[in-house]
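See structure below.
This one's a predicted model, so the numbers in the text were calculated from it and none came from an experiment. Numbers restart at 1 for each chain; the letters A, B, ... are given by sequence-line order, proteins then strands. Atoms considered below: every heavy atom in the structure, side chains included; atoms not considered: hydrogens, waters and symmetry mates.
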There are 2 protein chains.
Amino acid sequence: METPVSTEAVEPPPFDVFARACPSRETLEHVTGRWGSLTVGALREGPCRFNELRRRVDGVSEKMLSQTLQALERDGIVHREAQPTNPPRVDYELTPLGREVAGRLASLIHLLEGSMEQVLTARQAYDTTRGSR
Amino acid sequence: METPVSTEAVEPPPFDVFARACPSRETLEHVTGRWGSLTVGALREGPCRFNELRRRVDGVSEKMLSQTLQALERDGIVHREAQPTNPPRVDYELTPLGREVAGRLASLIHLLEGSMEQVLTARQAYDTTRGSR
DNA sequence: CGGAATCCAGGTTGATACTG
DNA sequence: CAGTATCAACCTGGATTCCG
């Protein structure tokens, strides 16, 4: 018996974020980026129009929100539903994959929000120790 | 019965990453930032020296790794253990909080690595639909 | 080895203005 | 409303050099 060789791919390519060239690293960055994580988190509350999303994500500019949404839509994390009405109405919502991602992200966010006292204490300790080097 | 009022803070301040000025947003960015997530992920495999960490996180420069580690140390996510030997030896490891964070991050990373086929397919669909607008 | 400091190019950001 | 275009300003990140 020879090494089995089929005409179709026998094994899915391994994806590893720790490797510089792996496309999974890009997606991780889209999802965890400065506005990516907040946008996904905001969409977790339900479908949302562009400007409402802007309000939920305090501080994001139109441009950044637009760019972020496009990257997330391209990766299949967010679904964009445009209605050809006038004035235009566009709704964004998470895809099934997006909901899974959002869940894990929310878990991280909640952990951090709940640990901020501890973080703030650590910062003070660090600053008095190293700040006044 | 009156509303209970004690002399010490009755309620911990609410932390909300979606609010522009909340310090939790900074910590989220340290943890999910371009190198933050990979550094924390790499430290999950165990304590590690500076240059070994550089090898684990493919593509980081000394400067970025150094900056990233300092931010994470300040937030109490990473512990730095320096030995005053010559040559110097410094070990980094996750704190208990860091391990919790790393766990949630790993969960997200694994999800994404396992979904990349789907993501790549979504990208192709997007590019053929919108790319040739 | 483990960093800190400096320099600098280029990418990212966010007003502002404009379009459909 | 839902974006896109433009542009200056800022910041990121890499390379290099030097120190303990």
I need the CG-P distance between Asn86(B) and dG3(C), as an integer number of Å.
14 Å

What integer distance in Å separates Glu81(B):CD from dG2(C):C1'?
15 Å

Go through the steps to decide whether Thr68(A) and Val60(A) satisfy the test side chain to side chain contact (heavy atoms under 4.5 Å, CB included), and finish with yes or no.
CA-CA 10 Å; Thr68(A) 301; Val60(A) 69; 5.7 Å; no

Quickly, which of Arg54(A), Arg55(A), Arg56(A) forms a salt bridge (charged side-chain N to carboxylate O under 4.0 Å, His left out) with Glu52(A)? Name it, please.
Arg56(A)

Contact list for DNA chain C against residues 26-39 of chain A - heavy-atom distance below 4.0 Å
Arg34(A), Trp35(A)

Short side-chain to backbone donor-acceptor contact, Ser115(B) and Gln118(B), under 3.5 Å
no

As an exercise, state the distance from OG1 of Thr27(A) to CE of Met116(B), rounded to the nearest 0.5 Å.
3.5 Å

In this structure, would Tyr126(B) and Tyr92(A) fall into the same cluster of hydrophobic residues linked by side-chain contacts under 4.5 Å?
no

Establish, with yes or no, whether the OP1 or OP2 oxygen of dG3(C) is under 4.0 angstrom from a side-chain nitrogen or oxygen of Tyr92(B).
yes

Contacts to DNA chain C from residues 42-72 of chain B, heavy-atom cutoff under 4.0 Å, which residues?
Arg49(B), Phe50(B), Asn51(B), Glu62(B), Lys63(B), Ser66(B), Gln70(B)

Is the side chain of Asp58(B) donor-acceptor paired with the backbone N or O of Ala19(A) at a distance under 3.5 Å, no angle test?
no

Residues which pass side chain to side chain contact (heavy atoms under 4.5 Å, CB included) with Arg34(B), listed by chain and number, not counting sequence neighbours:
Glu29(A)

Ignoring hydrogens and angles, tell me if any N or O in the side chain of Asp16(B) forms a donor-acceptor pair with the backbone of Phe18(B) under 3.5 Å.
yes

